[in-house]
Amino acid sequence: HVQLQASGGGLVQPGSSLRLSCAASGFISDYYAIGWFRQAPGQEPEGVSCISGSSDASTYYADSVKGRFTISRDNAKKMAYLQMNNLKPEDTAVYYCAVRLGSWLGLCQRFEIDYRGQGTQVTVSS
């Protein structure tokens, strides 16, 4: 069983930065793809960014965050991160991390999730 816990959210002004962290515990290997998702009130969940479990660490970003967000992982620490720069009000949402033993594109684009954690609130407002 795998447990995930996201942290690092908060209330920030537009243009600010935040770094989200996802801590994994349990039986999780380096082969798991890891992704960040978000859901704003009244909206469908969105796959924000995913990173593959392969050695090349392929990444996927939603068009809405390309050039502003960066995903990374530290397998030794069982951690994943989402660096979010130049935050916009439309980035306001609950962010959560999830993993899949398989395709990282399936994780982000088709929500093929094996495990997901509780979310952390990100609010971007002036």
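All values derive from a computational prediction rather than experimental measurement.
Listed for the Arg73 side chain is no donor-acceptor partner under 3.5 Å among the backbone atoms of Lys78.
With a 4.5 Å cut-off between side-chain heavy atoms of Ile, Leu, Val, Met, Phe, Trp and Tyr, the cluster of Tyr96 takes in Phe37, Leu107, Phe111, Ile113. Clustering of Ile, Leu, Val, Met, Phe, Trp and Tyr side chains at separations under 4.5 Å places Met79 together with Tyr81. Residue Leu105 shares its hydrophobic cluster (ILVMFWY side chains chained together at separations under 4.5 Å) with Tyr60, Trp104.
Minimum heavy-atom separation, His1 to Gln3: CD2-CG, 3.9 Å. When all heavy atoms of Gly102 and Ala33 are compared, the pair lying nearest together is O-CB, 3.8 Å. Ala40 and Ala93 get closest at one heavy-atom pair: N-CB, 3.8 Å.
The shortest distance between side-chain heavy atoms of Tyr95 and Gln39 does not fall below 4.5 Å.
To the nearest 0.5 Å, atoms CD1 (Ile34) and CD1 (Ile71) are separated by 7.0 Å. Note that CH2 of Trp36 is 14.5 Å distant from CD of Glu46, once rounded to the nearest 0.5 Å.
Contacts classified as side chain to side chain donor-acceptor pair (under 3.5 Å) and involving residues 109-126 (residues at least two apart or in different chains) are given here: Arg100-Glu112, Arg110-Glu112, Gln121-Thr123. Applying the salt bridge (Lys or Arg N to Asp or Glu O under 4.0 Å) rule to pairs touching residues 79-94 yields Arg38-Asp91, Arg68-Asp91, sequence neighbours excluded.
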Query raised in the report: How far apart are the C-alpha atoms of Leu82 and Val48, what are their side-chain angles, what is the distance that settles it, and do they pass the side chain to side chain contact (heavy atoms under 4.5 Å, CB included) test?
Result: CA-CA 10 Å; Leu82 186 68; Val48 175; 4.3 Å; yes

Donor-acceptor contacts under 3.5 Å from residues 6-32 side chains, at least two apart:
from, atom 1, to, atom 2, distance (Å)
Ser16, OG, Gln13, O, 2.9
Ser17, OG, Asn85, OD1, 2.9
Ser29, OG, Tyr31, N, 3.2

